[in-house]
Asks: 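Let me give you the structure first, and then I'll get to my questions.
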Number of protein chains: 2
Amino acid sequence: MRDDKDVVTKIVVGQAGRTRGEEVAEAIRNGIAEGRLAGGGRLNENELATMLGVSRTPVRSALATLAADGLLDYTPNSGYTVRRFTSGDIEDIFKVRVKLEGLAAGLAAQNGLSDAALGGMHRLMGETERLIDTHSWNAEIHNTWVDLNNQFHDHIYEAADNPYLIQTIRRANLSLFSLVRFHWFDNVLLRQSHEEHIELVDALENRDVQRAEFLQGEHVYRSGRRIVARWRRMEAMDGEKRISEAGGGRAGK
Amino acid sequence: MRDDKDVVTKIVVGQAGRTRGEEVAEAIRNGIAEGRLAGGGRLNENELATMLGVSRTPVRSALATLAADGLLDYTPNSGYTVRRFTSGDIEDIFKVRVKLEGLAAGLAAQNGLSDAALGGMHRLMGETERLIDTHSWNAEIHNTWVDLNNQFHDHIYEAADNPYLIQTIRRANLSLFSLVRFHWFDNVLLRQSHEEHIELVDALENRDVQRAEFLQGEHVYRSGRRIVARWRRMEAMDGEKRISEAGGGRAGK
DNA sequence: GCATGTGCGTTTGGATCCAAGAACGGGACG
DNA sequence: CGTCCCGTTCTTGGATCCAAACGCACATGC
């Protein structure tokens with residue numbers, strides 16, 4: 001926080017129907033998702049307010065909201081820190097995600113997807129294949145894939161037609177997406193993920209509820225296994241780093 | 001809000017480690033859970049502040065938190081209303097709960113429960129049998145059963161050892177528990193629920209993961225079916241009432 | 001050298017005030 | 001009579017100020 005002026009993006013005030021509090025919440029959310037606000041880091045109301053060009057009031061409103069969203073940890077009279085995730089936490093979240101994403105796919109298969117949605121999914125898969133055919137991997141490709149992947153899942157969510165389920169999934173995903181780094185993946189994993197999507201779409205097209213639920217749950221389970229393994233590795237390296245940095249100050253708690 | 005002075009319980013200030021904002025949030029949460037704050041009702045910051053003997057600041061903090069918790073709906077520049085649930089909403093939530101509670105039971109069976117926990121569950125079931133043997137039903141019996149039921153599930157949650165899952169379940173339950181009325185149940189349903197608990201405990205004792213997951217999911221599914229049917233009936237009556245009251249003002253939206 | 005206590009500065013929680021936005025009511029017009 | 005417009009009032013969002021709580025650094029005692 002103290003060393004990077006661009007930690008949160010200065011908010012644009014005046015967007016229709018949005019308060020400054022909402023804008024601040026989004027700026028912080030983005031800062032977390034993009035890794036600029038690190039797990040365990042303290043959020044200082046005054047600094048955020050100065051950085052974003054607002055008073056403390058909307059900052060406090062935003063912090064309260066984000067804490068309830070699970071992105072921040074709150075201690076009364078001490079303030080907010082960015083939620084820190086252990087590999088065990090991530091594993092827990094993925095177990096829940098396996099069930100929820102599986103349910104969403106099963107409901108989508110049960111309800112059926114429109115021709116437009118299926119067409120859209122095929123287009124997204126076509127674009128993913130073009131990414132695969134570059135035989136390369138970098139941050140830009142990863143971001144493109146994340147975007148395509150999100151659109152792919154949005155089609156499923158819409159067909160599932162269960163807003164509470166989708167809200168619950170998005171909440172779980174919110175916590176996770178800030179943790180993922182592009183260099184954990186590569187073109188090979190992209191291809192594997194894509195092949196899983198192919199099978200999932202087949203199940204959806206054939207309205208095979210159990211297959212869709214199983215395939216999507218398995219897809220998420222494998223993804224979770226990889227991310228948890230990576231996080232464990234990082235924790236092992238972090239643990240060594242932490243031992244050497246012990247006694248750093250408030251954030252060291 | 002305007003007609004009932006006891007809508008929220010006046011907060012007790014000074015409880016260790018809790019801010020007024022947290023106290024206000026709990027008072028409102030209780031008001032919703034106990035049915036004193038009705039779905040669709042507007043929450044007025046000034047009135048709440050006066051009623052609770054605080055300034056608007058902690059009220060606003062509490063409202064932001066409760067909105068993110070899903071208990072309130074927020075409209076920028078217009079404020080907060082208590083979330084209104086349609087029977088479709090409730091059905092959606094129960095579909096998610098079936099999966100999550102099933103997962104919790106499966107994890108508990110996998111991890112195993114301590115002798116103390118199993119003993120505790122047997123004691124709770126014994127107390128439930130005493131309730132059944134009264135062959136009667138009233139609000140007091142219902143409240144006792146809700147308490148026993150919560151303790152029963154707490155044992156499962158603890159054994160599941162997945163904090164994120166339990167947090168997600170509690171979040172779903174928070175929305176639902178404010179909707180349930182004791183006269184929707186009777187001694188017969190209590191017995192049925194109890195018998196389902198007996199089978200669930202058997203699966204847990206035998207560490208039968210799939211059976212535990214299935215039985216708990218089924219238990220929640222049946223409960224959901226009953227509550228949704230009740231809610232639909234209320235909506236039908238409410239719909240007639242609404243037609244005759246149309247144009248009542250803001251809450252009529 | 002370590003533990004405990006004290007003081008000071010910083011940060012957060014709450015209160016109050018001001019301004020902006022929404023809602024409501026009344027009047028005018030078709 | 002219904003709809004639209006305007007003015008007023010109420011409510012909410014934001015800013016600012018004050019006080020309480022916490023954390024950190026330094027001093028003292030064992």
Side-chain angles (χ1 to χ4, degrees), chain A residues 1-2 10-28 40-68 72-82 245-253, chain B residues 1-2 7 10-28 40-68 72-82 246-253:
Chain A
M1 279 288 297
R2 270 150 297 200
K10 194 151 175 120
I11 60 174
V12 181
V13 180
Q15 189 170 341
R18 298 227 322 179
T19 62
R20 285 198 187 85
E22 289 174 300
E23 304 271 359
V24 171
E26 179 160 355
I28 296 172
R42 295 244 23 241
L43 295 178
N44 181 302
E45 294 179 359
N46 286 310
E47 288 179 3
L48 285 171
T50 302
M51 206 173 289
L52 294 171
V54 296
S55 77
R56 282 173 53 218
T57 311
V59 171
R60 292 161 68 179
S61 170
L63 293 176
T65 296
L66 293 172
L72 307 180
D73 286 324
Y74 171 64
T75 306
N77 293 312
S78 184
Y80 300 84
T81 54
V82 180
E245 283 187 355
R250 164 167 259 182
K253 191 181 77 172
Chain B
M1 279 288 299
R2 271 150 298 202
V7 167
K10 194 151 177 117
I11 63 175
V12 180
V13 182
Q15 188 170 343
R18 296 222 327 175
T19 62
R20 285 199 186 83
E22 289 175 298
E23 304 271 357
V24 171
E26 180 161 355
I28 297 173
R42 292 235 37 231
L43 295 178
N44 181 304
E45 293 180 358
N46 286 309
E47 288 180 3
L48 286 171
T50 302
M51 208 174 289
L52 294 170
V54 296
S55 78
R56 283 173 54 219
T57 312
V59 170
R60 293 161 69 179
S61 170
L63 293 176
T65 296
L66 293 172
L72 308 179
D73 285 326
Y74 170 65
T75 306
N77 293 314
S78 185
Y80 299 85
T81 55
V82 180
R250 163 166 262 183
K253 192 182 81 176

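Note on naming: letters A, B, ... go to the chains in the order of the sequence lines (proteins, then strands), and numbering restarts at 1 for each one.
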Asks: Specify the residue among B:P76 and A:T57 whose closest nucleotide of DNA chain C lies further upstream toward the 5′ end.
Replies: A:T57
Asks: Between A:N77 and C:dT12, is there a side-chain N or O to OP1/OP2 distance below 4.0 Å?
Replies: no
Asks: Name the closest nucleotide to the A:R56 side chain, picking from D:dA15, C:dA15, D:dC17.
Replies: D:dC17
Asks: Which of the following nucleotides, D:dA21, D:dG13, C:dG14, is nearest to the side chain of A:T19?
Replies: D:dG13
Asks: Take atom CG of A:N44 and atom C1' of C:dG13, then tell me their distance rounded to the nearest Å.
Replies: 14 Å
Asks: Apply salt bridge (charged side-chain N to carboxylate O under 4.0 Å, His left out) to B:E22 and list each qualifying residue two or more places apart in sequence or on a separate chain.
Replies: none
Asks: If I take atom CD in residue B:E22 and atom C1' in nucleotide C:dT12, what distance separates them, rounded to the nearest angstrom?
Replies: 13 Å
Asks: Round to the nearest Å and state the distance from B:N46 atom CG to C:dA15 atom C1'.
Replies: 13 Å
Asks: Mind checking salt bridge (charged side-chain N to carboxylate O under 4.0 Å, His left out) for A:E45 and listing every partner two or more places apart, or none if nothing turns up?
Replies: A:R56
Asks: Among the nucleotides D:dT11, D:dG14, C:dA15, which one has an atom lying closest to any side-chain atom of B:R42?
Replies: D:dT11
Asks: Roughly, in whole Å, what's the span from CG in B:L48 to C1' in D:dT11?
Replies: 13 Å
Asks: Which whole-number value in Å describes the distance from B:E45 CD to C:dA22 C1'?
Replies: 14 Å
Asks: Distance-only, no hydrogens or angles: does the A:R20 side chain make a donor-acceptor pair with backbone N or O of A:V59 under 3.5 Å?
Replies: no
Asks: Among D:dC22, C:dG21, D:dG14, which nucleotide sits nearest the side chain of A:S78?
Replies: D:dC22
Asks: Just the rounded figure in Å: distance from P of D:dC10 to CD of B:E47.
Replies: 12 Å
Asks: Closest approach to the side chain of A:P58, judged atom by atom: which nucleotide of C:dG13, D:dA15, D:dT11 is it?
Replies: D:dA15
Asks: Please work out if B:Y80 contacts a base, only the sugar-phosphate, or nothing of the nucleic acid, heavy-atom cut-off 4.0 Å.
Replies: nothing
Asks: Heavy atoms from C-beta onward define the side chain here; which of D:dT16, D:dG13, C:dT12 lies closest to that of A:S55?
Replies: D:dT16
Asks: Among A:V82, A:T65, A:L66, which one satisfies side chain to side chain contact (heavy atoms under 4.5 Å, CB included) with A:I28?
Replies: A:L66
Asks: Examine the base of D:dG14 for any acceptor or donor lying under 3.5 Å from a partner atom in the side chain of B:R60, and report the outcome as yes or no.
Replies: yes
Asks: For a quick test of reading the model, state the closest non-hydrogen atom pair linking B:A67 to B:Y80 and the distance between them.
Replies: CB-CE2, 3.6 Å
Asks: Nearest whole angstrom, please: distance from the P of C:dT11 to the OH of A:Y74.
Replies: 16 Å
